[in-house]
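Right, one structure below, let's go through it.
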Amino acid sequence: MDMTLQILYTIVPAALIAATPLLLTAMGGLFSERSGIVNIGLEGLMVMGAFAGIVGTLFFESLGFGFASPWMGILVAIVLGAIFSLFHAVASISLRADQIVSGVALNFLAVGLTVFIVREVFDKGQTDTISARIFRINVPFLSDIPIIGPMFFSRVYLTTYIAFALAILVWYVVFKTPFGLRLRSVGEHPMAADTMGIKVNRMRYIGVMLSGAFGGMGGAVYAITTAGNFAGGTITGQGFMALAALIFGKWHPFGAMGAAVFFGFAQALSISAQQIPGLENVPQVYMLILPYVLTILALAGFVGKAEPPKALNQPYEKGSR
Amino acid sequence: MTNMFKGKLFGIMIPLIAIGFGFLAGGIIMLISGNNPITGYVALIQGIFGDIYYFGETLQRMTPLIFSGLAVAFAFRTGLLNIGVEGQLIVGWFVSVLVGIVIEAPMIIHLPLAILGGALAGALWGFVPGVLKARFQVHEVIVTIMMNYIAMHVVNHFIRNYMLESGQRTAFINDSASLSSDYLSAITDFSRLHWGFLIAIAACFLMWFILWKTKKGFELRSVGYNKHASSYAGMNVNLNIILSMSVSGAFAGVGGAMVGLGTYNYANILPGFTNLGFDGIAVALLGSSTSIGIFLSAFLFGGLKEGANNMQGQAGVAPELVEIIIALIIFFVASSYLIRWIYSRVQSKKEGK
Amino acid sequence: MEYVIEMNNIRKEFPGIVANDNITLQVKQGEIHALLGENGAGKSTLMNVLFGLYQPEKGEIKVRGKKVEVTDPNVANDLGIGMVHQHFMLVQTFTVTENIILGSEPVNKGTIDHRKAVKDVADISDRYGLKVDPNAKIEDISVGMQQRVEILKTLYRGANILIFDEPTAALTPQEIKELIQIMKNLINEGKSIILITHKLKEIMQVCDRCTVIRRGKGIGTVDVADSTENSLAEMMVGREVSFEVEKEAAKPKDNVLSIKDLHVEDARGIGVVNGLNLNVKAGEIIGVAGVDGNGQTELIEAITGLRQAKSGTINVSGKDITAFKPRKVTEAGVGHIPQDRHKHGLVLEFTVGENILLQTYYQKPYTKNGVLNYPKMYEKARELIEEYDVRTPNEKTMARSLSGGNQQKAIIAREVDRSPDLLIAAQPTRGLDVGAIEFIHRKLIEERDKGRAVLLVSLELDEVLNVSDRIAVIYEGEIVEIVNAKETDEKELGLLMAGGKKEAGEPK
Amino acid sequence: ACGEGDEDTTPVNDGGNNNENETAEGNNEAAGDDEGFSSKMVTDTGGVDDRSFNESAWAGLTAFGEDYPEADVDYIQSNDASDYAPNLNRLAREGTDITFAIGFLMEDDIRTVAQQNEDQQFAIVDTVVMGDDDEPVSNIANITFAEHEGSFLVGVVAAMHTETNEVGFIGGVESPLIKKFENGFKAGVKYVDSDIEVNVQYAQDFNDASRGQQIADTMYAGGADIIYHAAGGTGNGLFTEAIDRARNGENVWAIGVDQDQALTEGEWDEGNVILTSMVKRVDEAVYQVSEDTMNGNFPGGEILEFGLEDDGVGIAETRDNVSDEAIEAVEDYEEMIINGEIDVPETDEEYEDFQSSL
Ligand SMILES: Nc1ncnc2c1ncn2[C@@H]1O[C@H](COP(=O)(O)OP(=O)(O)OP(=O)(O)O)[C@@H](O)[C@H]1O
Ligand SMILES: Nc1ncnc2c1ncn2[C@@H]1O[C@H](COP(=O)(O)OP(=O)(O)OP(=O)(O)O)[C@@H](O)[C@H]1O
Ligand SMILES: [Mg+2]
Ligand SMILES: [Mg+2]
């Protein structure tokens, strides 16, 4: 019993930490896809965010902002992510490009561009390491609660709580506000929305740019809390996992939250298993593929069919039928 | 009639214009970053055509890209997005090498067997998401993403634990399973160009034939466009989805076999994805999912990647520039609306005169 | 004379086609103004111009005498113009209320004031007699109810000029009756209506004046009181048309289709066909009449193999096809003109030729050893295009670019040419103009006379009455009565369709 | 522009072809001639600034270039594994006097290229390239390091600093090379105190900082207080975790690898969590081999192992956090290794033997 708890005390926080960038980025994907624009480019947006987050932090560090720097770095990443997502927005909304193609291009572009800039600026393939970091904290009082305290309120990043709070906010915005209703209508039936006087393309631009902002934040949070610097390999597949979390969660903020935590948990388990009595002799390959196999099984087993927004992947042309 | 011709011509013009725009943008970036674009591009082109060796390497490089492009395109035609080409290619690479090492047989049996092994492994890796899609309506994009990771870890596991020879790789395959060609290598001044290049050309033809000339291809395309009408017309939609993913996987698997049996003659522990599969998405898109298009865009990508090294060496331009150019080309192709718009502007101006 | 709407000399072009060529439309306050024209004449386009979805190349629009620029639907809304579109503009996953308030939501502290919204919707729906469940999801409600939601959307925005684009095409007779009443109520409330319909009877019934357009050109405006159905039809197509379907008495022979005690469940597992029995003989047309949602769709799906029957048997020409898959059903001699031509009937991205061969591509001589013979396929397609008068540039044209009527002709060519023993026609004329309807009706009767069994499922009572020899009335998944077409009328059918002698109720 | 391009490459091309026909000696002389000496390297996918051996190798070449200004030094970066062969070839074709392949991943490619260009001179870092005759290929110098010996020393430091009697090792991808780090480290720890537990885990990834962090988290949580990594970018996660715990008042340490990582990583507001680093002087080796080759002593076909003796491996200069006691011990053990008193194990089997001999 005690052993199990000890393990949970390690795994649960690790799971939440691993889930954080996925959750943030999945929220971004949600805005974009709910507005009808597929966003395979989440990976690229995270790359851009990680880049901007680290470079921003380094910059503010050098200006002497100290421990405010990483937070300002995250803000930079949010802004830059939103701006960078304009590539996808312009191509897939205004120029009616295939959204999948455009997203794929965004991924290529993000890696190429950021590493190219890093080379130009730092004269090497990666940035310096930031020294002003966001650190784990123990939440006062709450961390003292037995069992729950060590699991959920000890040695956590503030960013994790922010991410979860944002997910709730996203739910509220998407399902309770006029903006959310309009955004969803544009993703389901843009022509109907148009006849109701809603500016379809404007809503979609907002959706995509929000995905850039959130994806940028997700990348920045990952880079700042975990990686500490930026290189071409800092973001490797997290964006795709975030996309998977979004679909797994059926395009719902809480569904995506559950999926992100699930991925985080599977990943944490796979890493910590070697040091868990009883699991240490399981060949590592099983643990490595665990998150992916579990996801597939879950999808095939109990999650079932996910209905994407109806107008997803369809450019809107006024008056087309 | 003239309209149709115009449409076809346009289909070729758009990628060309997009490529032009891509290079233009690349040139501007070089200017901004303080490099001389002319020196840069001369170095790039020399890095592709300047030496028969480089040219051979470009062809070698484009071989697996053709296959991954075909794989993506094949699924795409059936309305499926196969992001799992990467994983299918990895298992194809591994299994073909396994067959190449374990079995002893005359080349005429061994080589086809090894390629078939790769094809089957890739097909299996495509079959799984196909079945899940058909049977449980699970989104193929997620499953294929997951299958990529599984492929990499499983293959690494097998190599590490059972086949590790030196460093990070398996033993070399038997010569009887090798696609390497002394002849092709000799005429290209020792490049790694191998017989797989010819197989890739055959594969382009094969895909075109399957999709456009066979009954099955008719069904696959029909299912891709409209599942409901297809099942109304008596086609087995689920079977076609599974088939499509499997065939797509088989193309990818053979692509892996090209790498394993042709380029390297071994398999090695992969520290990360090869990206050959992901590049296939771009190749297929630029080639608008047609066989000829894929062949040409694979050449472009292979050439750019080969030439990038020379650009770095000779002109001091960071090789990432090539990635940027590729990304921009894809953007411009995707945004063909823009090109059409500009074209129609130019056209109407001409008519105005 | 005070016009609420004046559209003068409107011209609207699409690439390669002039959809509206110098059309003028003037609508008086408080009238129901019909807009009549063949498929593709330009009616919807003209209305979309008025509603601000399209911008005209030429011409002016005046609303209540004032010249306006309707740059987008918001402007139209502000001018009090509301439009009920030909294809419903409803978000399927939203509730009735959400659809209605979309774009002008009542807000309380940044949140949608849902309670107020529901109340507002309930209020208007009471006021105009448009019964809806404000909290139901669109995907769960009937077509008639959806239409009411569409109307409520315009009323919620305070529209007093309403455009109805083919509102009755998808409605049951009962629903049409209700809609006509609703329109009359609206006029009494001081609104003006523009009504687009292909059904001349409806024009005669409710409209005051009628503007006719043909191939994008305005032909003229007439007072309905001074017109007849025939005179309107003539104006529309430019020649005389006959509505009576001429046919000889049927000479039925042996049973081709016999269905015994059939039970079928819908996608949600609810029994919708419940112990249905039906026989169709060679050489007769049986019309299935019924209110939408009484099991017609599932019945057809069960016969054609698209849906598995729960129990019971389906026999075609003595073969038990109950468990057959679609392909085997087809091969057993069943032809099927599906009700949704875009969803089931055609692969829109395929060529017309490929679509014509969609049921037979795999047979000789079109396929040999798994390889297609395209020259043979296109040769066949050309023959049928000729024979069935499918208007298309050529057989290699994309099916998508054909008009609805010609798409339907291509399907009919495909299904009829195979000489099936049993021909099932589901809503074969939905949304088509009189010319096309005439053609299709003639084809069905021709097939009957060649000794085929024809099962016609339609929501249009006129069609069922005119074309069928016998009429089977379907109610809650059972055939409740079979009557002779010559010996019945709309009124009797209406009663039967509503479940016996009771007054017709709200379909679920 | 096209014609110009052709002219540019022709001489190189011809040179390559001619070389083939010429004898080896003829070329060796040509190497030192009028064009000046050139020493260039091909990086692996880590790039020239990977804070690991690529960067170190380039530092060596740069230093060489500074000391011998007439010598031409340069590098080509490989973007993926398929670039190795063309890049090596490219340098060989340009007539580079010595071409370095940085990293054992290039073993097979350099073998092929070296065999095709028999009169060119090559060197590879971290592995030994055997020819078809199972002898080292004659025109490749094999530069290897005694990573196990260096790791032994940091193992000693760890053993003397641990307060929990438990330490950890995080490997990148499991391979014979990284095994040398692991076994050397374990041997060092156990040699000091065989009761100290060594927790070993491989991330199976050189580039996943989050994985590194979680492994470190689990290890620290499980009781280890010092962790050594040989995991490239994955190791960044170790430093993140260590800093985090240090800030929380925990007494934990990390040990860096390849370079003096305390200089670039590990710093936080109250100090540095890097106890020491196991440095591997790829720069020295590259410099030395370049110099020898320039002086006509190309060590082709030789296996050069840079160990403690040659200062090829060792503990880092930054020693602020290391106790004097530990430094003394390290010096003692260093001598014992050089003397051959201690035979540091490289492979798992050797480690088994080593452990049972304790
Ligand atoms: N979005 C569009 N793009 C191109 N052409 C169009 C478009 N919409 C309409 N058209 C053209 O305009 C003509 C008029 O179409 P419209 O939909 O207004 O006809 P309609 O009179 O409403 O026909 P129906 O009775 O079938 O509804 C069509 O023949 C078509 O060629
Ligand atoms: N997207 C489009 N692009 C080009 N032409 C079109 C397009 N859509 C329709 N058309 C043209 O419009 C004409 C009429 O089509 P339309 O859809 O209005 O027919 P319809 O009889 O009204 O069918 P339905 O009632 O099913 O809408 C066709 O001849 C076709 O050429
Ligand atoms: Mg129409
Ligand atoms: Mg219309």
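Excluded from the calculations below are hydrogen atoms, water molecules and symmetry mates; all remaining heavy atoms, backbone and side chain alike, are included. Order of the sequence lines fixes the chain letters, A, B, ..., with proteins taken first and strands second; residue numbering starts at 1 for each chain.
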>> Need one label for B:Ile329: side chain, backbone, both or neither, based on atoms under 4.5 Å from any heavy atom in chain A.
In response: neither
> Do you know the tightest heavy-atom contact between B:Gly130 and B:Ile241?
Replying inline: O-CG2, 3.9 Å
>> Sort by residue number and list every residue of residues 146-159 of chain B having at least one heavy atom under 4.5 Å from chain A.
In response: B:Met146, B:Met147, B:Tyr149, B:Ile150, B:His153, B:Val154, B:His157
> Checking heavy atoms, do the side chain of B:Leu321, its backbone, both or neither come under 4.5 Å from chain A?
Replying inline: both
> Checking heavy atoms, do the side chain of B:Ile83, its backbone, both or neither come under 4.5 Å from chain A?
Replying inline: side chain
> With a 4.5 angstrom heavy-atom cut-off, which part of B:Ile281 approaches chain A: side chain, backbone, both or neither?
Replying inline: side chain
> Is there a side-chain contact between B:Ile17 and B:Phe332 (heavy atoms, below 4.5 Å)?
Replying inline: no
> Looking at A:Leu113, A:Val104, A:Asp98, which one has more heavy-atom pairs under 4.5 Å with chain B than the rest?
Replying inline: A:Leu113
>> Sort by residue number and list every residue of residues 22-48 of chain A having at least one heavy atom under 4.5 Å from chain B.
In response: A:Ile40
>> Checking side-chain polar atoms at under 3.5 Å, does A:Thr234 have a donor or acceptor matched by the opposite partner on A:Tyr222?
In response: no
>> Quick check on A:Leu106 against chain B: is it the side chain, the backbone, both or neither that has a heavy atom closer than 4.5 Å?
In response: both
> Given a strict heavy-atom distance threshold of 4.5 Å, which part of A:Phe87 is in contact with chain B: side chain, backbone, both, or neither?
Replying inline: both
>> Between B:Asn35 and chain A, with a heavy-atom cut-off of 4.5 Å, which part of the residue counts as in contact: side chain, backbone, both or neither?
In response: side chain
